[in-house]
Number of protein chains: 2
Amino acid sequence: MKMSGGVEWALHCCVVLTGATEPVPAARLAAFHDVSPTYLAKQLQALSRAGLVRSVQGQAGGYQLTRDPQAITVLDVVEAVDGRQSAFVCTEIRQRGPFAATPEQCRVPCGIASVMYDADRAWRDSLRATTIADLAGRVGRDVGPETLPRAREWMAGRSG
Amino acid sequence: MKMSGGVEWALHCCVVLTGATEPVPAARLAAFHDVSPTYLAKQLQALSRAGLVRSVQGQAGGYQLTRDPQAITVLDVVEAVDGRQSAFVCTEIRQRGPFAATPEQCRVPCGIASVMYDADRAWRDSLRATTIADLAGRVGRDVGPETLPRAREWMAGRSG
DNA sequence: TTGTTTCCGGACAGTCTTTATCCGAGTTGA
DNA sequence: TCAACTCGGATAAAGACTGTCCGGAAACAA
């Protein structure tokens, strides 16, 4: 079981967009993180479809957050990029084989599936407890307070 | 993000083995669930390596649980088949690009990774809270009490 | 001993998701 | 108008998961 690497990229982008006052092009976000520009664009499109970022086209276009970073949870980003469905998919094994359960018995979900779904819910609850604003604040502490303004300035410049 | 389908098979097998008094061959477990025998064998080998089941070779051989079903958690099975590592892998994006963090700043784990690891821990804690015995008891209630003895008898027969 | 049954491990295709890239459609600003 | 720049979806390559097969070893029965 492995989560899409795009989730990590998307989260970093959201944190960076926290400090942006103007739309930031995808190419600039890719250069900032030193990742594949075209593939990062795909993740940003997913964020756009989910309504987490707004895409501005044209010469001064780019991406910007649609709402306050405090109102965007980590779960929002994960589900936007990686999908909303559970990692576990029940194939209804109980309905197969010589002792297959009857359809009436299968109106209640399989016990194994229930346990997996509960765990999935716990996972999502945990991700929902942290916001992009929380992450941004922590990055500010870890990396030192003087780096953020410089990064913000670099992000605003349209070249180099 | 998708979990290996073998996890579901392995869990069903563990539940079935709960009611067995003798070793059950892999081929019989596969027939019971109507799944690929060779691929199921792979999952059972993983359970064996993890020490959850004992493999008995020879004519009356097969698989049996090594300890009380109450002492085997769902997490044990999941980790045996799907691995013990987190679904999220941090690629240390913060150390790349024009504003790469210094190695000293990276002694503390990345904030994004921390959140993902916390969620992973919550997921595993949830899976650890249910045992194979719990699952077996629930199956007994769902499928009706008369099916289990019949299935047990079928499992004990060495043919058909 | 011999034969049968069974597990074990590795090597091998088929299939699907993830990863990565390109080119066209649409918008902005001059 | 025009040109430059952007996003967006459709299109290939890579890797992981799924599934299969075979040879080898161990245990049991005859």
Side-chain angles (χ1 to χ4, degrees), chain A residues 1-10 13 17 20 22-31 33-64 66 78 80-83 85 87-89 91 93 157-159, chain B residues 1-10 13 17 20 22-31 33-64 66 80-83 85 87-89 91 93 155 157-159:
Chain A
M1 181 172 56
K2 186 177 170 303
M3 172 162 21
S4 166
V7 171
E8 186 183 10
W9 298 11
C13 284
L17 287 177
E22 304 170 8
V24 181
R28 183 148 287 256
L29 286 169
H33 295 116
D34 186 26
V35 296
S36 160
T38 53
Y39 189 44
L40 179 63
K42 210 176 191 47
Q43 319 305 334
L44 292 170
Q45 286 166 25
L47 293 181
S48 177
R49 272 193 299 272
L52 300 180
V53 302
R54 178 197 331 282
S55 69
V56 180
Q57 290 195 340
Q59 213 157 12
Y63 288 98
Q64 55 189 4
T66 54
V78 169
V81 174
D82 212 53
Q85 61 189 355
F88 178 84
V89 285
T91 59
I93 287 184
R158 308 295 295 184
S159 66
Chain B
M1 180 172 54
K2 185 175 170 306
M3 173 162 22
S4 166
V7 170
E8 187 184 9
W9 297 12
C13 284
L17 286 177
E22 303 170 7
V24 181
R28 184 148 285 258
L29 286 169
H33 295 116
D34 187 26
V35 297
S36 159
T38 54
Y39 192 44
L40 179 63
K42 227 178 190 29
Q43 319 304 334
L44 291 170
Q45 286 167 23
L47 293 181
S48 177
R49 272 194 298 273
L52 299 180
V53 302
R54 178 197 329 283
S55 68
V56 179
Q57 292 193 342
Q59 209 158 13
Y63 289 97
Q64 55 189 4
T66 55
V81 174
D82 212 53
Q85 61 190 354
F88 178 85
V89 286
T91 59
I93 287 184
M155 203 69 64
R158 311 293 296 184
S159 66

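All of these numbers come straight from a predicted model, not from anything done at the bench.
- Rounded to a whole Å, the CG atom of A:Leu44 is 13 Å from the P atom of D:dG9.
- Checking D:dG8, C:dC8, D:dT6 against the side-chain heavy atoms of A:Ser55 singles out D:dG8 as nearest.
- Annotation: side chain to side chain contact (heavy atoms under 4.5 Å, CB included) contacts of A:Thr38 (sequence neighbours excluded): A:Ser36.
- We find that CG of B:Leu29 is positioned 13 Å from C1' of C:dT6, with the value rounded to whole Å.
- By the side-chain hydrogen bond (donor to acceptor under 3.5 Å, both in side chains) test, A:Thr66 is found to be paired with no residue, residues two or more places apart in sequence or in another chain being considered.
- Taking for each of B:Val56 and A:Ala26 the nucleotide of DNA chain D with the nearest heavy atom, the 5'-most of the two is the partner of A:Ala26.
- B:Gln85 has its CD atom 11 Å from the P atom of D:dA16, to the nearest Å.
- B:Arg54 comes within contact range of no nucleotide atom at all, as no heavy-atom separation falls under 4.0 Å.
- In this entry the distance linking CZ of A:Arg28 with C1' of D:dC5 reads 14 Å, nearest Å.
- Rounding to whole angstrom units, CD of residue A:Glu22 and P of D:dT6 are separated by 13 Å.
- Between B:Arg49 and C:dG9 there is a side-chain polar atom (N or O) within less than 4.0 angstrom of OP1 or OP2.
- Here the straight-line distance linking atom NE2 of B:His33 with atom CG of B:Leu40 works out to 8.0 Å at 0.5 Å rounding.
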Problem - nucleotides 17-26 of chain D: protein proximity per nucleotide (B base, S sugar-phosphate only, - neither; heavy atom, under 4.0 Å) - result: SSBB-----B
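- Dashed line: the shortest gap from a side-chain N or O of A:Ser48 to OP1 or OP2 of D:dC7 is not under 4.0 Å.
- Between D:dG8, C:dG9, D:dC7, one nucleotide has an atom nearer to the side chain of B:Gln45 than all others, and that is C:dG9.
- Under the side chain to side chain contact (heavy atoms under 4.5 Å, CB included) criterion, B:Ala27 pairs with no residue, sequence neighbours left out.
- The CG-P distance, from A:Leu40 to D:dG8, rounds to 13 Å in whole Å.
- Every residue two or more places apart in sequence or in another chain that forms a side chain to side chain contact (heavy atoms under 4.5 Å, CB included) with A:Ala46 is listed here: A:Arg49.
- Partners of A:Ala31 by side chain to side chain contact (heavy atoms under 4.5 Å, CB included), not counting sequence neighbours, listed by chain and number: A:Trp154.
- To the nearest 0.5 Å, atoms SG (A:Cys13) and CG (A:Leu44) are separated by 5.0 Å.
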